[in-house]
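Predicted model only: the values in this text are computed from it and were never measured. These numbers come from the heavy atoms of this one structure, side chains and all, not from hydrogens, waters or symmetry mates. Indexing begins at 1, ligand by ligand and atom by atom, following the structure's order.
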Amino acid sequence: MDALSLRNRNDRLRTLLSFFRPDDNVLIVIDPDPDALGSAWALKRILWRRVASTVIAIIRPVKRWNNISMIRLLRIPLTPLENVPVGSFSKFVLVDGQPHHNPVFGSFRFDVVIDHHPLPPEKPASDNDTFYDVRPQYGATSTILTEYLKTAKITPSRSLATALLYGIKTDTRNFERHTREEDIRCFLYLYPKVNHSVLSKIEISDLAVEDLVFFERALKSKIISDQKILVYLGEVPSSDILVIVSEFFLKIHNISWSIAAGKVQDRLIVVARSDGYRKNAGKTLQRCFGSMGPAGGHASMARAEVPLEALRTRLHRKRLTRTCIESFLKKNLL
Ligand SMILES: [Mn+2]
């Protein structure tokens, strides 16, 4: 069953609901990013009192602090998939994804699939056993679910509205990419219903206390020259902290070029942020590191991943000391 061939929103809602019976136990399976979380929670709300139960199962642990804050502050009910007795459910739903995206998704036979990613070249066989509502032109699945809520005349709670709006904002990167009129229309509909203080706490929560040690390191070891700043953080657990530190330094009003580098396993990762005016971050990193490993990006944001082995060869060194990495970065980037 292909949802888009249905005449209008009422038809689509009616067909969606016709896939469920009052005694159904429904399992919604998601890869937990904000858009998937908002969409799954909205669908659980739509099915409330229409089915016996709805459980939202996540296929992996949530790692990003923003998403952990979102789940905690909005109290989104979730269960890890491995703790779910899959056999006790009678209906299976996938939102914000398609079966071919992930082997875990592929192991289910879904009754309903609601998504906004591109369809695979081999379109899934449209049959009457599965309801497909895939709209690749939409910026977010949260937009599709907001439309269903409106059609069903369900006013979302403040927490649900906040989750959906955050889903739309993250997937469209604040309407900087892949946005269409429907996304903006749903944003405007949700906006007055949102808890804005909770939303801004979710949006800024990208650090853990343990990360402060890297800020200490960054503040101590920063090298400032003209409008440029460079920090080498040594070993870091992942490149996320490099992104946060380089974006933090770009907040300084007269810094126009900010670089944070660190070792992640056997690679030197360099993250650059720029006002995109004086320097093109992507081109600069490509020029400096392109011969050693993947490097590139846009005018304002870029990244390079240099295998340490390649760096050793380039610098003719057996051991890469802190000083030698730092002076190499300084010579090439400042
Ligand atoms: Mn999405």
Asker: Just by modelled atom types, is the Phe92 backbone N or O under 3.5 Å from a matching donor or acceptor in the Asp111 side chain?
Answerer: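 Yes, the answer is positive, given that a donor and an acceptor are paired below the 3.5 Å cut-off.
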
Asker: Taking just the N, O or S atoms of Asp35, which one is nearest to the Mn ion (ligand 1)?
Answerer: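 Asp35's closest N, O or S atom to the Mn ion (ligand 1) is named OD2.
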
Asker: Nearest to the Mn ion (ligand 1), which N, O or S atom of Asp96 do we find?
Answerer: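 Of all N, O or S atoms belonging to Asp96, OD1 is the one nearest the Mn ion (ligand 1).
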
Asker: Drop me the distance from Thr146's OG1 to Leu190's CG, to the nearest 0.5 angstrom.
Answerer: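 CG of Leu190 is found 4.5 Å from OG1 of Thr146.
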
Asker: Which angle, to the nearest 10 degrees, do you find at the Mn ion (ligand 1) between NE2 in His116 and OD2 in Asp171?
Answerer: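 With the Mn ion (ligand 1) as the vertex, NE2 (His116) and OD2 (Asp171) sit 90° apart.
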
Asker: Which atom names give the shortest non-hydrogen contact between Val134 and Pro136, and what distance separates them?
Answerer: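 Val134 and Pro136 have their closest heavy atoms at O-CD, 3.5 Å.
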
Asker: Please check this pair: side chain of Ser246 against backbone of Ala260, looking for a donor-acceptor N/O pair closer than 3.5 Å.
Answerer: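 Between the backbone of Ala260 and the side chain of Ser246 there is no qualifying donor-acceptor contact (under 3.5 Å).
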
